[in-house]
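Just the heavy atoms: all of them, side chains too, but no hydrogens, waters or symmetry mates, feed the values below. Just so it is clear: chains get the letters A, B, ... in the order the sequence lines come, proteins before strands, and each one is counted from 1.
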Number of protein chains: 2
Amino acid sequence: MKPTVHDIARFAGVSLATVDRVLNGRPGVRGVTRDKVEQAIAQLGYVRDLAAANLAKSRTYNLCFILPANDNSFMIRLREEVEEAIARSAVERARIEIVEVPAFDPGALVSAMDEVADRKPDGVALVAIDAPEVRAAADRLRAEGIAVATLVSDVGASSRDHFCGIDNSAAGRTAANLMGRFLSKVDGRVAILAGSLLVRDHRERLEGFLSVLAEDFPRVAILPVIEALDDPAMVEKTVRDALRRHPDLSGIYSLGAGNRGLIRVLKELDPARRPVVIAHELTRSTREALHSDLIDAVLNQDPGHEVRSAVRVLKAKADGLPVLTAQERIRIDIFLKDNLP
Amino acid sequence: MKPTVHDIARFAGVSLATVDRVLNGRPGVRGVTRDKVEQAIAQLGYVRDLAAANLAKSRTYNLCFILPANDNSFMIRLREEVEEAIARSAVERARIEIVEVPAFDPGALVSAMDEVADRKPDGVALVAIDAPEVRAAADRLRAEGIAVATLVSDVGASSRDHFCGIDNSAAGRTAANLMGRFLSKVDGRVAILAGSLLVRDHRERLEGFLSVLAEDFPRVAILPVIEALDDPAMVEKTVRDALRRHPDLSGIYSLGAGNRGLIRVLKELDPARRPVVIAHELTRSTREALHSDLIDAVLNQDPGHEVRSAVRVLKAKADGLPVLTAQERIRIDIFLKDNLP
DNA sequence: CTGAAAGCGCTTACAG
DNA sequence: CTGAAAGCGCTTACAG
């Protein structure tokens, strides 16, 4: 039989309250007494029943998700996933709140973070912007004992407890590997489309992509990076321009969002002259585009996994518990038209 | 405040015991009384606290994993993951047992299943062989109220509660898509290496691979399928033979296990004449081979995910609870050397 | 058919 | 600094 607090108390010759104090590192226990209890715990191989503890404490985890008010499909999905988590929250002893902030606006993000801090939640998840003032705000949250998880886009590792997202540098390298192999001519011209180089995920994808291309496919030429703020209309316009200036374009790597605009342009091209296209995030539109051979590969991160992982991680961090790294690793999905889920 | 059984009892004017009877569909409650309680439940929006219920019941889930005594790296990893689940089992209110059976042996599998049934576990996970007698044994388990999950390789959907594994047909199609695009000549010759066509996962991969190749890359020639029982030594020998007979081989799709043998042969080839190689399962050896350009792509299923998912699913099924399909879907990982985890 | 009481493993005031 | 008792939300004998 698994030992319980009762067993510990009996073995150590103390009361339940004292066992509890030692177990939870609360003050007001003499050194000798503490030692006796710790002996008992070690001897009996006690492991505490978190569910019972939470029941006794009526523990609920107050969590807050700060999300950009971006209207691309990916962010919409992400928000929906948080809403699903809210729907499940009764069962999970969590109270989850969503705060929206303007996209790509460090100042707004910082204000939101500071406001959230006042409510003293147990944990905060945010789609980060990698700017000094954001890191400082994250540091303030953590200084108050609030767990911080970055979602999708990271800041420096020292300013958060956990990053719920993919290895974006690996994603960029993978895109380059596929691009290099899928291109029919070894000396093609490739355009790169980003949202904003203010966010770390886009910057890391870009660097990864460029480095593998330079190393393994040195004859491929790369056009200057286009920043289109993940906005479908702006993406459409800039891609149209690029194709006008470079009718011989043989590849496009779209490393941000707003692919609806890109796809509109691709549809108009002569199928025989379509460039190889690699994009990110499986949405209704990229899925259709994969299916109809407008896009060749989609690299994806699963927003459902990211949100569920964020909830688990913030709860664990709030309790000072370790995180199962293998379980929480978010993978880079590669979708071709043949393995669409 | 979330309503509890006490609130229901008060509202319905009955005792806790009666509320519990209704909640758990136990007999011995008059229709009128039952109605009153059900009214209260609906009115107050009661949702039961599973953790508290399990605590009160001292519920533990008895689960059994039936695994083939195969010595390829994948099966070894799978077993290790089950052992990790056993290590965590105290926390998860589970008692997990491993039963080993000879590989690719339907009779042995059936005996093991019947033996396990005698112990009346709550759930059984097994790496299935898709044979009528195995399906019948699974049906017997389920008839006794034991939840059945297939792991890695499936049987017909009607004979199990859940399949914890990838869509193997999609995996085969994806392999063909990559193979077709990676081959430098459109009329290459491709060899296919399987473990055994007795198991459904191998059969489905094969079919998927052949269908896409036929449809999208019709000029690629395919050699007769080699069955090497996932045994490294046998794989080595058969690949060596194939290369002797077809020195112009331009691609190899290894859809089973035992890739250590394949890699030994690849190492000996003149790098300039190495075929495009696509294999399954990321192990120490396939990882190294990817890294050193002996293998071009590895399709993978994460045994850790599969085992954790099996545990969650079997517990849910044992309680008659629904399964979160999106969460439990096992994805096909595609690894190139650039996105190795 | 129904209910009062004790208990699952832990925590929390409160008293001393 | 320490302990006895009540309680978290549910279930389980047992009695009637």
Under a 4.0 Å N-O cut-off, is there an ion pair linking A:Arg331 with A:Asp302?
no

N/O (side chain, B:Ser58) to phosphate O (OP1/OP2, C:dG7) under 4.0 Å:
no

Using a heavy-atom cut-off of under 4.0 Å over every strand shown, decide if B:Ala17 touches base, sugar-phosphate, or nothing.
base

Classify B:Val14 by what it touches in the nucleic acid, base, sugar-phosphate, or nothing, heavy-atom distance under 4.0 Å.
sugar-phosphate

Separation of C:dT2 P from B:Ile8 CD1 (nearest whole Å)
17 Å

Hey, is the side chain of A:Asn24 poking within less than 4.0 Å of OP1 or OP2 on C:dT11, counting only N and O atoms?
yes

Please state whether the phosphate of C:dC8, meaning OP1 or OP2, lies under 4.0 angstrom from any side-chain nitrogen or oxygen of B:Arg59.
no

B:Leu55 vs B:Thr18, nearer the 5' end of DNA chain C by closest nucleotide
B:Thr18

B:Glu92 and B:Tyr61 have their tightest heavy-atom pair at O-CD1, 4.4 Å

The answer to which of B:Ala56 and A:Leu23 contacts DNA chain C further toward the 5' end, by nearest nucleotide, is B:Ala56

Establish, with yes or no, whether the OP1 or OP2 oxygen of D:dG9 is under 4.0 angstrom from a side-chain nitrogen or oxygen of B:Arg48.
no

Look at A:Arg77 together with A:Glu81 and state whether they make a salt bridge at an N to O cut-off of under 4.0 Å.
yes

In whole angstrom, give the distance that lies between atom CD1 of B:Ile41 and atom C1' of D:dG9.
14 Å

Check every strand shown and say whether A:Arg21 touches a base, only sugar-phosphate, or nothing at a heavy-atom separation below 4.0 Å.
base

For a quick check of understanding: with a heavy-atom distance under 4.0 Å over all strands, which category does A:Asp20 fall into, base, sugar-phosphate or nothing?
base

Verify the contact: side-chain N or O of A:Arg26 to OP1 or OP2 of C:dT12, cut-off strictly under 4.0 Å; return yes or no.
yes

Closest nucleotide of DNA chain D for A:Leu16 versus for A:Gly28: which of these residues is on the 5' side?
A:Gly28

Under 4.0 Å, heavy atoms only, any strand: does A:Val5 hit a base, just the sugar-phosphate, or nothing?
base

